[in-house]
Structure formats: structure tokens, C-alpha cells
Amino acid sequence: MAQPVLQVQGLCKHYKGVKAVDGVDMQLNQGDIYGFLGQNGAGKTTTIRMMMGLIRPSSGTVKLFGESVGEGSNAVLRKVGSVIEYPGFYPNLTAIENLNLHRRLMCIQDKNAMEEALHTTGLWDARNRKASNFSLGMKQRLGIARAILHGPELLILDEPTNGLDPMGIKEIRLLIQDLAQKRKITILVSSHILSEVEQLATKVGIIHRGVMLEESTMTALKHKNRQYIGLQVDDFSKSQDLLRDELGIRDVRMEDDGWLRVYDDGQQPGEMNRLLVREGIEVSSLVAMKDSLEDYFVRLVEGGGARG
Amino acid sequence: MVDLIACEWMKWKRSRMLWLMLLGAVLPALLVFLVELNGASDSKSLDWVNYFETNLQIMAMLMCPALFSLLIGYLFAREFQERTVNNMLTGPHSRLRVLTAKFIIAFPVLLAVMLLTFLLMLGTGFFFHGAGDTLTMSILGKEAGKYALLLMLQYALTPISAAVALLWRSYIPAMGLGIFAVISELTIMQSKYIMYYPWSATLNLATNMSPGHNSASIGYSTMALAFVVPLVFIAFYFRRADVHSG
């Protein structure tokens, strides 16, 4: 089996007793678009900073292309492009001058790489404008241009759509998909926006309060989204009791959206309906439904771990 | 390493700090020129030594400590303030090399100010009566040597400003350090401890303002310590520091 592009094992970062990241394991293989999902403050950026050698882990290891990240291992970073948290640029320099500076930093001889990166990100016409005059969306794109300039095999983008309007978000998403398809770059995208990750990722890692709750392929995750029977009844409490006591259904929940949800394998909608009607409950709706990824994420985060 | 130095050089293009560098060189020279102009007469030739050294004293006492601390603070802390530090430190270079490149580029930055102010003095001196007759190669060489000595002594103070900038990740504290240095140096230069304090030692070594307390060995030892201690501190601190901003 091919060597993982990125392998993180037991990664921890503690600050004066506070666990910012606690035993995170991750693996990215060639060609993955990895969605690193978590709420604000979940530990995504700290984890990414440890991956890139900006923060020293309290314990655990990070391996990029099989090489440990740490002191004296900076050469491997030549294979990685990143935009971490905010794409900062030298405001006194133009877009192309900022890229030229990065080209020298990464010891790239080929000046055409700048032109290619600017064309890829749609910034060629703005190449001679100062970076300080760029909008946030343009800065994000310039950040990506800088990150791909040296032809990395792994691209790490930390919240690349932060602060962007819907059009900007879509542009960045299409750009990431384009990079993955045309340049065959393995990509890690962190985000707190689930729909964004859902549309992009082939693999997902969900982090919450520094703990990796789940890591799986997007396909497997979608399969895990549980089916349930949604009921709208005139007496929630009595219906819940009846379904539990008479049919032995354990997982019955009243949700804020006004639906009674019955999660159970081998649900019998007809039987439920008959029971409730027989007991004088008015059933106005009874439908088979499936959790969205968002529902799954919320359940996972609230439960603090993966459920079947 | 050459690439890193080139990067540091490129960052100064169109920087607003260049205007400060220009001002830092021009203002003292202009002040000395105006004072000389006020006392100039056709019967008196220009005293080149005095002309050069008045400017040297202003540079050593006021301009260099404040301006150079700001410039060095800017050089080291701008990556944090402009949020480019992530990019700088995720390249294929070690942090020590990044720091080394900054210390290397600090020299031409300081040199530019000193060279410009020296050349301005030389150029404006010819405005005065008899300047061409009184300027000898010996005077020129000796005064250039004094400006060069001041430059080297000021360069020895760069690790202090760099340490302050890196610790606070902003050039504002470095600017504060520069102002503090001017005030404290003016106070200490009147005491017998003049050679034990880096900024006043610089002043006395370069201009001999307090001949009674001008022990070169103490002065250069002070400067060596002022250079080495913060340099070692930076090397250890920055190599291990977590980078959260940027």
C-alpha cells in the first residue's frame, strides 16, 4: 500500500492543563480531499499548525510523506502548500511581487510558475495591484496561488472560505475541486461549515473540543446517516411512552422542529400508526426520513462520540 | 540562504520605513547644515571635523537609538503584524536561517542611513567658504572611520531590539525601547557608569563625549555582551516558540 501523504498519531497540545488537542489521529492518502470539520475553537487550526511545524506538540507525531515534522525536517515542507487561518501578504508589494518573494523562499527557479498560479486562480489581471488593495476573496485566492506556486503534492487550506460571500465561497470551492482534479493534489480543507465540506470532501474528520470524534470516507459517513420515522402527533409525551412501552422502541425523541423521531432498526410504521390511533392519538403525518449530514454532525458533537 | 536574504531584501520595496530611513539621515544633516549656515562667514573656512562630528553626535545620541530600534523592530516583527509569519516559517528553511537572514539584511539597512547622512554632510559642506581647501584625505578617512565605528556599535545593539520585537511580536515595543534608550542614555552619560550601559557606551566610544570615563575595554565588553546575550536568547526562544498568530 502506498505511503500516506499525511499521518498524524496521538497528537496532543496542552496549555497549562487545558487540552487544546487531545490524541488526534488522522491519515490522508494520495488523492484525498480531506474535510477537517469542527466548530470554531474545536482545535482544527492548532492541529494544522502542529502539522506544519508552527506549534510544537505536547506529544504525538506528524509525518508528512513518511518524514517526521520537527526540527531539521523542513525540506519536506517543500512538498506542502498551505494557507493557515488568514492569507497574510506584504502590503507594500503587488500580487506578483508577493508571489515572486514566495518563489524565492521556496527556492523555485521557474518564473513561469507565478504566471501559471495567477492564471489558475483568476488573478492574472490583478497581478500588478498591491496586495493591500485586494478584497478578502481575492486575498484568499492569492493565498491559494501562493500555496500552489511551488507545485505541492499536499495542499492545506485552513478555513479558506472564512468571511466570504456565497459567490466567493462557490469560487473557492470550484477552485479547490479544479486543483484536485487537474493537478492531482491531495487536499486538506478545514471548515466549520458542514455544507462546504459535504460538497468537497472525499474523506472527513470531525473534531470537537480537541478530540477527533470520527474519521471516515464521505461515502461511509453518508451511509451512516440514520433513517428514522418522523411522526407529527397531537400528544408527544403519550406517543413517546406508548412506542417505548408497547413496541419496545428505545430511541424515540421529540425534536425542536415539531417531529417525533423514531430511530430503530426494523421500524414498523404501520404498527406504530395502528397503536397510536387505537390509543386515541391523532397522527397527522408519518413519513420515512433520513438524517442530513448536519443532523449527524450535531448528534455526534452533542453525544461526544460516534454512534451507530 | 541566498534566497532567504533576497526575500528579506525584496520586502523593503516601497516600504514606508524607507521614508523614515531617509528622514533619519536627512534631519540631523539638515540641522547641522542650518546651524553652520547661521554662523558662516566669508572670513572663516569650514571646520570639517566639527561639521562631521556635530552630526555624528546627534546621530549617536538621538537618531540612531530611536530610529534603528524601530527599523530593527519592524524587520523582525513585521511577519507577525502583516500575518506573513506562517508563510515564512513553513518554507524549507529552519527558523535559525530565517533569523540569520534578517540579521544579515539589518546591516545594509543601518548602513544606508549612516552612509546617506555621511554623504549629505560631505556634500553640504562644500556649500561653505573654503571647504575645498580644508578637507583632506586624512580628515575624510578619520571621520568615515568614526561613522563606521558608530554603525558597528549600533549594529551590536540590534539583537536587543530584535528580542523585544520577537517577544511582543510587534515593533511598537521596539519603538518604545528606542525612546527609553535615548532618555536613559542621556541620564547615564553624566555618570561614571557610562561605559557599562550599552547605549551610552556606544555614544562614548563613537564620540568620546566623556573622556574621563572612556575605558575602551569596558565599553567593548559591554557591547559584546549586549550583542551576544540577546542573540543567544533569540536563537533559543525563536527556535522553540509556538507560532499562533499570522
Side-chain angles (χ1 to χ4, degrees), chain A residues 13 15 20 45-46 48-58 64 69-94 96-109 130-132 139 142-143 146-147 149-150 152 156 158, chain B residues 1-21 71 74-102 104-105 109 166 169-171 235-246:
Chain A
K13 184 66 186 178
Y15 297 103
T45 301
T46 306
I48 288 174
R49 284 181 181 278
M50 286 192 278
M51 287 173 190
M52 296 301 291
L54 292 169
I55 292 180
R56 294 166 73 88
S58 302
L64 285 166
V69 173
E71 282 172 39
S73 65
N74 297 50
V76 75
L77 294 176
R78 214 186 292 256
K79 294 182 182 178
V80 186
S82 62
V83 181
I84 302 173
E85 223 170 354
Y86 180 86
F89 299 98
Y90 301 99
N92 49 312
L93 302 182
T94 63
I96 200 160
E97 285 167 347
N98 268 287
L99 291 192
N100 194 30
L101 200 145
H102 182 73
R103 184 183 67 80
R104 294 298 299 261
L105 182 73
M106 302 306 283
C107 313
I108 304 294
Q109 301 302 318
K130 279 189 188 177
S132 55
K139 279 184 181 168
L142 186 58
R146 184 172 61 188
L149 175 74
H150 55 286
I156 296 179
D158 183 18
Chain B
M1 196 63 199
V2 174
D3 282 312
L4 267 178
I5 295 167
C7 285
E8 288 302 326
W9 185 250
M10 289 157 80
K11 288 176 198 172
W12 285 85
K13 189 176 179 182
R14 284 191 296 273
S15 168
R16 271 179 280 186
M17 288 293 157
L18 294 174
W19 289 105
L20 274 183
M21 288 166 66
L71 291 175
Y74 173 73
L75 176 65
F76 281 84
R78 69 178 298 186
E79 311 294 348
F80 293 96
Q81 298 198 274
E82 288 163 359
R83 304 177 81 169
T84 49
V85 65
N86 291 338
N87 199 52
M88 272 311 280
L89 300 184
T90 52
H93 308 282
S94 71
R95 292 187 184 191
L96 281 182
R97 283 164 73 105
V98 171
L99 279 180
T100 306
K102 285 191 179 291
I104 290 172
I105 219 70
V109 168
L166 286 174
R169 297 177 181 200
S170 161
Y171 56 79
F236 276 96
Y237 166 77
F238 194 61
R239 204 163 62 103
R240 301 179 65 87
D242 286 344
V243 176
H244 293 279
S245 59

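Every chain is numbered from 1, with letters handed out A, B, ... down the list of sequences.
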Item to check | Contact leader toward chain B among A:T46, A:T45, A:L54, where contacts are heavy-atom pairs under 4.5 Å | outcome: A:L54

Checklist outcome for this item: For A:K13, the side-chain hydrogen bond (donor to acceptor under 3.5 Å, both in side chains) test, sequence neighbours excluded, returns B:D242

Item to check | Intermediate values then yes/no, side-chain contact (heavy atoms from CB on, under 4.5 Å), B:L4 and A:L105 | outcome: CA-CA 6 Å; B:L4 267 178; A:L105 182 73; 3.6 Å; yes

Next on the checklist: Using every non-hydrogen atom in the two residues, find where B:P92 and A:A75 come nearest and quote the distance to one decimal.
Outcome noted: CB-CA, 4.3 Å

Checklist outcome for this item: Residues B:T90 and A:L77: closest non-hydrogen pair is O-CB, 3.5 Å

Next on the checklist: Under 4.5 Å from any heavy atom of chain B, what part of A:R103 do you find: side chain, backbone, both or neither?
Outcome noted: neither

Checklist outcome for this item: Pair count under 4.5 Å, heavy atoms only, with chain B: among A:N100, A:V80, A:I55, highest is A:I55

Next on the checklist: Could you report the tightest heavy-atom contact between B:A6 and A:R104, atom names first, then the distance?
Outcome noted: CB-NH2, 3.5 Å

Checklist entry - Closest approach of A:R49 and B:H244, non-hydrogen atoms and distance? => result NH2-O, 2.9 Å

Checklist outcome for this item: Cut-off 4.5 Å, heavy atoms of chain A, and the answer for B:A241 is backbone

Next on the checklist: With a 3.5 Å distance limit and no angle check, can you tell me whether B:D3 reaches the backbone of A:M106 through a side-chain donor-acceptor pair?
Outcome noted: no

Item to check | Over all atoms of both residues, closest heavy-atom pair of B:C7 and A:L101 | outcome: SG-O, 3.2 Å

Item to check | Side-chain heavy atoms of B:K13 within contact of A:L93, under 4.5 Å | outcome: yes

Checklist entry - Near A:Y90 OH, under 6.0 Å, is it more than 12 heavy atoms from other residues, nucleotides or ligands? => result yes

Checklist entry - Listed by chain and number, what are the ring pair (Phe, Tyr, Trp, His ring centres under 6.0 Å) partners of B:H93, not counting sequence neighbours? => result none

Checklist entry - With a 4.5 angstrom heavy-atom cut-off, which part of A:K79 approaches chain B: side chain, backbone, both or neither? => result neither

Next on the checklist: Under the side-chain hydrogen bond (donor to acceptor under 3.5 Å, both in side chains) test against A:N92, which residue among B:K11, B:R78, B:R14, B:E82 passes?
Outcome noted: B:R78

Checklist entry - Where does A:F89 contact chain B at under 4.5 Å (heavy atoms): side chain, backbone, both or neither? => result backbone

Checklist entry - Which heavy-atom pair separates A:R56 from B:R240 by the least distance, and what is that distance? => result CD-O, 3.2 Å

